[in-house]
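Since the structure is predicted, the reported quantities are computational estimates derived from the model, not experimental observations.
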Amino acid sequence: MTQGKVDALLGIVFGDEGKGKVVDFFTPQYDVVARFAGGPNAGHTIIFEGKKFVLRSIPSGIFDENKVNIIGNGCVIAPDLFMKEAHELEAAGYVLTERLHISRRAHLILPTHRVLDRAYEAAKGKNAVGTTGKGIGPTYSDKAARIGLRVGDIEEDFMAKYERLKARHLQILADMHFADFDIAAEEQEWLQGVEYMRKFRLSDTETEIHAYLAEGKSVLAEGAQGSLLDIDHGTYPYVSSSSTTSGGVCTGLGVGPGHIGRVYGIFKAYSTRVGSGPFPVELFDETGDELRRIGHEYGAVTGRNRRCGWIDLVALKYAIMINGVTDLVMMKSDVLDTFPVIRVCTAYEKDGVQTTAMPYDTEGWQAVYTELPGWQTPLTELRSEEQFPKAFADYIAYLERELQTPIKIISVGPDREATILM
């Protein structure tokens with residue numbers, strides 16, 4: 001029997017590219033959809049049949065009732081938020097308990113982790129990272145310090161373990177003189193979430209995935225955030241706390257590099273970023289405001305305004321390199337429909353020096369642009385490459401030449417149907 005493969009689908013810049021829609025689009029081709037990193041700080045938005053869903057921890061393949069969905073060991077889970085998210089799907093008619101499997105090795109986000117997140121950000125003052133406040137960083141910190149709570153811990157002697165870690169967190173907060181919190185109500189709901197999680201299949205998902213692969217089944221690994229938010233390869237310290245690149249697929253699901261097949265890199269036809277940190281292509285003018293308005297660039301989880309700018313080829317080339325991207329997926333092409341001129345960042349400049357390679361520290365670098373003609377034609381109703389206006393086809397061809405990677409899928413709207421295979 002042919003050994004199955006794990007294909008990876010990753011956001012390759014700063015996240016918010018529309019991974020949820022693409023995973024939902026790809027799901028019919030796979031037997032299993034698995035999340036390998038991140039937590040409820042990532043909102044994957046899916047729109048179909050006039051309905052909108054925002055998934056935070058649950059894989060985006062959950063809408064296909066014939067597919068297994070896995071939350072892998074590289075993820076962190078907040079039981080109360082997970083319960084709320086699952087209840088929303090159940091209310092819409094989706095049955096989850098048999099199809100959603102959760103790794104015993106995934107770590108739990110405690111209510112005190114969220115308080116620590118706020119306390120650490122407050123202590124940084126003007127150097128704050130701009131986290132979502134969901135407790136992601138402190139949870140991964142406890143994981144690295146080998147003191148965290150895992151999903152498997154809820155199966156035995158859980159409350160004693162919980163109280164020990166909670167007490168440790170409260171002591172840290174006391175030492176920081178951070179007292180602006182009351183977790184009583186939140187903790188009660190959190191414990192209800194723990195009880196709710198017991199209904200699901202809590203398993204050694206790495207063994208489960210290898211069993212599927214041995215049967216010749218296919219797995220789609222769903223990324224969270226973006227490559228430039230990777231803890232190792234992103235714009236540190238303004239990054240997430242997990243491995244968001246293709247290497248995170250191996251560590252976050254327990255599969256070797258030889259099992260990885262295609263690596264799909266998702267990017268927008270322009271650039272966005274949420275939170276603090278350097279962003280050389282950021283626009284502070286009416287064009288930036290227009291991109292935000294047309295693209296509805298507001299965080300799916302936080303509602304924060306996303307910072308907007310033109311497409312950044314320096315960042316994209318770097319992300320393609322470190323991920324080994326084989327195929328590109330371009331999202332939100334229709335947002336650029338009305339612009340007479342499209343600008344493309346081809347290099348960074350600082351103190352009279354230009355570079356096309358990603359610097360160690362992108363603080364202070366300015367974007368160098370090439371201008372291309374806009375297509376000024378609505379794309380949303382198009383359904384085939386043959387219908388593309390020439391300027392849009394030229395834009396795609398230019399990007400493929402510069403990035404040395406084929407663009408295989410184009411999205412021209414938020415709905416499932418507004419997706420074109422190249």
Side-chain angles (χ1 to χ4, degrees), residues 6-20 22-23 34-44 56-57 71-76 106-107 117 129-132 134-141 143-144 221-255 257 260 263-268 271-281 299 301 306-307 312-326 328-329 331 348 357-363 365 403 405:
V6 179
D7 290 344
L9 199 147
L10 314 168
I12 57 170
V13 192
F14 289 112
D16 306 310
E17 298 94 351
K19 290 180 286 295
V22 182
V23 173
R35 285 281 297 268
F36 65 86
N41 55 332
H44 293 182
R56 297 166 179 84
S57 294
I71 299 176
N73 61 273
C75 298
V76 291
H107 278 246
D117 203 345
V129 173
T131 73
T132 60
K134 301 295 182 183
I136 309 298
T139 306
Y140 279 111
S141 294
K143 176 180 179 178
E222 177 182 9
Q225 289 87 38
S227 296
L228 294 190
L229 298 178
D230 183 87
I231 189 66
D232 288 295
H233 301 290
T235 55
Y236 191 90
Y238 302 100
V239 293
S240 190
S241 304
S242 58
S243 297
T244 60
T245 55
S246 57
V249 175
C250 297
T251 57
L253 293 179
V255 296
I260 305 297
V263 178
Y264 294 95
I266 309 177
F267 70 102
K268 289 176 183 171
S271 299
T272 63
R273 178 166 195 169
V274 172
S276 304
F279 190 32
V281 296
V301 171
R306 292 178 184 145
R307 301 153 67 188
D312 185 343
L313 299 193
V314 177
L316 280 171
K317 288 177 181 178
Y318 174 74
I320 289 167
M321 175 186 73
I322 62 174
N323 285 297
V325 171
T326 58
L328 289 168
V329 180
M331 308 297 290
Y348 295 162
M358 177 63 70
Y360 165 76
D361 182 358
T362 53
E363 196 74 59
W365 290 88
L403 300 174
T405 310

Just to verify, what does [X] make a side chain to side chain contact (heavy atoms under 4.5 Å, CB included) with, not counting sequence neighbours?
{"X": "Ile260", "value": "Val6, Val249, Cys250, Val255, Val263"}
{"X": "Ala319", "value": "Ile12, Ser227, Asn323"}
{"X": "Ala37", "value": "Ser242"}

- Tell me, do Lys317 and Thr405 make a side-chain contact under 4.5 Å, heavy atoms counted? no

Atom pair [atom1]/[atom2] of [X] and [Y] - distance to nearest 0.5 Å:
{"X": "Tyr264", "Y": "Leu10", "atom1": "OH", "atom2": "CG", "answer": "11.5 Å"}
{"X": "Phe36", "Y": "Leu9", "atom1": "CZ", "atom2": "CG", "answer": "9.0 Å"}
{"X": "Met358", "Y": "Asp312", "atom1": "CE", "atom2": "CG", "answer": "6.0 Å"}
{"X": "Ile71", "Y": "Leu253", "atom1": "CD1", "atom2": "CG", "answer": "11.5 Å"}
{"X": "His107", "Y": "Ile136", "atom1": "NE2", "atom2": "CD1", "answer": "13.0 Å"}
{"X": "Ile266", "Y": "Met331", "atom1": "CD1", "atom2": "CE", "answer": "6.5 Å"}

Could you tell me which residues satisfy side chain to side chain donor-acceptor pair (under 3.5 Å) with [X], sequence neighbours excluded, listed by chain and number?
{"X": "Thr245", "value": "Asp230"}
{"X": "Thr272", "value": "Lys268"}
{"X": "Thr139", "value": "His113"}
{"X": "Asn73", "value": "none"}

For [X] versus [Y], what's the shortest heavy-atom pair and its separation?
{"X": "Leu316", "Y": "Val13", "result": "CD2-CG2, 3.6 Å"}
{"X": "Ala315", "Y": "Leu228", "result": "CB-CD1, 3.6 Å"}
{"X": "Leu328", "Y": "Leu403", "result": "CD1-CD1, 3.8 Å"}
{"X": "Asp232", "Y": "Ser243", "result": "OD2-OG, 4.4 Å"}
{"X": "Pro280", "Y": "Pro278", "result": "CD-C, 4.0 Å"}

Residues at least two apart in sequence or cross-chain that pass ring pair (Phe, Tyr, Trp, His ring centres under 6.0 Å) with Tyr348, listed by chain then number, are none

Residue set satisfying ring pair (Phe, Tyr, Trp, His ring centres under 6.0 Å) with Phe14, at least two apart, ordered chain then number -> Phe279

So, the side chain of [X] versus the backbone of [Y]: is there a donor-acceptor pair under 3.5 Å, distance only?
{"X": "Tyr140", "Y": "Gly38", "answer": "yes"}
{"X": "Glu363", "Y": "Asp361", "answer": "no"}
{"X": "Arg35", "Y": "Gly252", "answer": "no"}
{"X": "Arg307", "Y": "Val281", "answer": "no"}

Residues passing the salt bridge (charged side-chain N to carboxylate O under 4.0 Å, His left out) test with Lys143, sequence neighbours excluded, are none

key: Trace of the side chain to side chain contact (heavy atoms under 4.5 Å, CB included) decision for Val22 with Glu222   = CA-CA 10 Å; Val22 182; Glu222 177 182 9; over 6 Å; no

**Study point:** Verdict with supporting geometry, Arg306 and Ser271, side-chain hydrogen bond (donor to acceptor under 3.5 Å, both in side chains)
**Key:** CA-CA 10 Å; Arg306 292 178 184 145; Ser271 299; over 6 Å; no

